[in-house]
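In this text, all values refer to a predicted model and were calculated from it rather than measured experimentally. We count ligands from 1, going down the list as the structure has it; atoms in each ligand are counted the same way.
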Amino acid sequence: MNERDSEAVAAQLVAKGYSLAPSENFADVILLNTCSVRDFAEQKAIGKMQNLAADVRKNRPNVVLGFMGCMAQSRGQELVDKLPDVDLVIGTQKFHRTADYLDEIISGTREKIVDVKAEEKSEATIREHLLNGNSQKSVSAFVSIMQGCNQYCTFCIVPYTRGEERSRTIPDIVNECRELVSRGVKEITLLGQIVTSYGKRDSSLTTHHSSLSPFVQLLEAVHEIDGLERIRFTSPHPKGYGDDLIDAYARLPKLCESAHIPVQSGSDRVLKLMHRGYTREKFLGIIKKLRAANPEIGITTDIIVGFPGETEKDFEETLSLAREVEFDNAYIFKYSPRRDTPAAAMPDQVPQKIREERNQQLLETVNEIGKRKYNSFVGRQTQILVEGPSKKNAARMSGRTRCNKIVLFDGSERHRGQIMDLKITRAGSFTLYGDPAIVNL
Ligand code: SAM
């Protein structure tokens, strides 16, 4: 989501005549888009700004320095007070104002600007795309369908930094997707904090007489777009996996068989303390139904270890859930207390050392299962959408299977944007290697 917000701001500035600097050493404006989900991310952004102030500012006093996004939203004026080199602080509902604020600062009309106010209809302002950011055509794009979150999980700062859930209209989203497809995009990922809550708070957005949830109505509308090959979404909430969404995987061929479903814990006691709204059994039931609808589906998740009050027994239940589901991959987070969230004030905070040990233990379990799953692809034929050169080795091209696994192969620019069949020849760490030449052997 942060990448998407940054891209929209960059595209907006490019439209105003700015160009992308090859690095911060050549930039006249440096904006750090920030995340607040864990304390580490905030400290990293503050450290980076201190370095910019010490290095870049020293040599080029007119460079504009700013923070955007979640930390900008939650800390606001405090950032300017603590870091006097900061000129601009832009909250999560104000990304689209960036160009105007820069004009004011650069022209000297205003010296410093902090804007973290709420703004009506800001959910529909993240719409511009760079697409040709690296002077190459983008094959895959993210489309923001909503902003905010109303779930109020007790560990999470997002409802306070991103505000209440607000959804864009279906025609508005479809128009943006259509425009992207006309510019060569083949795959669209619908984005939101909890996409499965799309449209639930505004009955005017969707058809009332449909038995389908607003999110599935949106999926159907995007599915209609000619030329679009693949649809993905992130991130959903387990509560949003009704039968209509599960059926959509079997019914809508462009909807890729992959699901990132954050489970957070395998213990019912901890899930309740987290205010997640489902049980372990309910979660396992969803996975069973998804695999019945499509046995090839790739399933990934987010898990927090060391939530306040998490006992050894609770953690064992998370380990056993990971073994039972056999996730293709999992993002594991050590619990990080966030300001103003209920969990930060809960008793029995788990010592850092135990959080680290549990993180390591779960990581080993997830890696071991992932290795087995990735190895099972070796020798099989699979279809990928080629996205571009591999980040680590430009001589290789990189694509994704429908179940969201990265596949590398020896290819060239002419493969970009193609849907290709490959035979998987070997598996690395959460990466597959394929060969198009031996596909029919
Ligand atoms: N839609 C997701 C869900 O259903 O929970 C929320 C996305 S959240 C921005 C990304 C992930 O960050 C969460 O799934 C959670 O695992 C992790 N996270 C959020 N708050 C955290 C905290 N205080 N400490 C550690 N990890 C956290």
Side-chain angles (χ1 to χ4, degrees), residues 1-5 33-44 69-71 73-74 92 142 144-165 167 189-198 200 215 232-241 245 259-267 270-279 282-283 286-287 299-310 315 318 321-322 327 329-346 349-352 354-356 358-359 362-363 366:
M1 186 166 287
N2 286 346
E3 271 184 40
R4 173 69 198 108
D5 293 340
N33 196 4
T34 55
C35 171
S36 283
V37 165
R38 281 161 296 145
D39 187 51
F40 179 68
E42 292 205 2
Q43 296 314 322
K44 212 167 134 186
C70 284
M71 186 180 71
Q73 182 70 40
S74 69
T92 51
F142 289 101
S144 172
I145 64 168
M146 62 196 293
Q147 282 187 347
C149 181
N150 283 42
Q151 181 60 32
Y152 291 94
C153 298
T154 53
F155 53 79
C156 191
I157 198 170
V158 168
Y160 313 99
T161 59
R162 294 260 172 186
E164 296 271 296
E165 258 165 36
S167 301
T189 304
L190 303 174
L191 263 189
Q193 280 303 328
I194 297 193
V195 284
T196 40
S197 297
Y198 169 81
K200 289 217 165 129
F215 181 60
R232 300 185 190 277
F233 56 82
T234 196
S235 54
H237 190 285
K239 278 196 323 191
Y241 272 86
L245 180 54
H260 178 76
I261 322 180
V263 66
Q264 313 298 2
S265 170
S267 150
V270 173
L271 287 172
K272 199 161 181 194
L273 286 172
M274 287 177 163
H275 190 231
R276 289 294 289 174
Y278 53 86
T279 59
K282 176 96 184 69
F283 184 84
I286 294 166
I287 303 295
I299 297 178
T300 54
T301 197
D302 291 345
I303 300 175
I304 296 178
V305 293
F307 182 83
E310 184 189 70
F315 177 62
T318 298
L321 179 111
F327 293 108
N329 201 353
Y331 298 94
I332 304 165
F333 302 97
K334 285 170 271 183
Y335 169 70
S336 170
R338 308 310 297 127
R339 65 160 90 173
D340 301 330
T341 58
M346 282 182 185
Q349 298 281 325
V350 175
Q352 183 65 17
I354 296 183
R355 283 184 232 171
E356 270 158 27
R358 291 181 184 167
N359 178 62
L362 184 56
L363 204 60
V366 166

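At the top of the distance list for atom 17 (C) of ligand 1, counting protein heavy atoms only, stands F333 CD1, 3.6 Å. Of all protein heavy atoms, the one closest to atom 20 (N) of ligand 1 is F155 CD1, 3.3 Å. For atom 10 (C) of ligand 1, the nearest non-hydrogen atom of the protein is D302 OD2, 3.7 Å. What sits closest to atom 25 (C) of ligand 1 on the protein, heavy atoms only, is K334 O, 3.5 Å.
Using a 4.0 Å heavy-atom cutoff, C149 is absent from the residues neighbouring ligand 1. Heavy-atom distances between Q151 and ligand 1 stay at or above 4.0 Å for every pair. At least one heavy atom of R276 sits closer than 4.0 Å to an atom of ligand 1.
Taking every heavy atom of both residues into account, Q349 and P308 meet most closely at NE2-CG, 3.4 Å. Heavy-atom minimum distance, C149 versus P159: O-CB, 3.5 Å. Nearest heavy-atom pair, Q73 versus Y160, reported as atom, atom and distance to 0.1 Å: CG-O, 4.4 Å. Minimum heavy-atom separation, T341 to C156: CG2-O, 3.4 Å.
Within the listing of ligand 1, atoms 22 (C), 23 (N), 24 (N), 25 (C) sit less than 4.0 angstrom from a heavy atom of S336. Taking every heavy atom of R338 and a limit of under 4.0 angstrom, the matching atoms of ligand 1 come to 23 (N). Counting the atoms of ligand 1 from 1 in the order shown, those under 4.0 Å from a heavy atom of Q264 are 3 (C), 5 (O), 13 (C), 14 (O), 15 (C), 16 (O).
The ring pair (Phe, Tyr, Trp, His ring centres under 6.0 Å) test with H237 singles out one residue from Y152, F283, Y198, Y278, and that residue is Y278. Checking each of R276, M346, R338 against T154 for a side-chain contact (heavy atoms from CB on, under 4.5 Å) leaves exactly one that passes, namely M346.
Counting heavy atoms closer than 4.0 Å to ligand 1, residue V37 contributes atoms from both its backbone and its side chain. Contacts with ligand 1 closer than 4.0 Å are made by no heavy atom of A343, backbone or side chain. Contacts with ligand 1 closer than 4.0 Å are made by no heavy atom of R162, backbone or side chain. Counting heavy atoms under 4.0 Å from ligand 1, residue Q193 touches it through both backbone and side chain. Only the side chain of P262 comes within 4.0 Å of ligand 1, judged by heavy-atom distances.
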Using the rule given for side chain to side chain contact (heavy atoms under 4.5 Å, CB included), can you reason through S197 versus Q151, listing the C-alpha separation, both sets of side-chain angles and the distance that settles it, and then say yes or no? CA-CA 9 Å; S197 297; Q151 181 60 32; 5.9 Å; no
Pair S235, H260 - check side-chain hydrogen bond (donor to acceptor under 3.5 Å, both in side chains), show working. CA-CA 6 Å; S235 54; H260 178 76; over 6 Å; no
I would like to know whether V270 and I304 meet side chain to side chain contact (heavy atoms under 4.5 Å, CB included); could you show each step before the answer? CA-CA 10 Å; V270 173; I304 296 178; over 6 Å; no
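Inside a 4.0 Å radius of atom 8 (S) of ligand 1 there is not any protein heavy atom.
Panel note: side chain N33, backbone N2; a donor-acceptor pair is recorded below 3.5 Å.
For ligand 1, one of its N or O atoms has an N or O atom of S235 under 3.5 Å away. The shortest N or O to N or O distance between P238 and ligand 1 is not below 3.5 Å.
For K200, the NZ atom is densely surrounded, since the number of other residues' heavy atoms within 6.0 Å is greater than 12.
Between the choices I304, T161, T196, the shortest heavy-atom distance to atom 27 (C) of ligand 1 belongs to I304.
Taking the six-membered ring where tryptophan is involved, the planes of F307 and F155 are perpendicular, since the angle between them exceeds 60° and thus also 30°.
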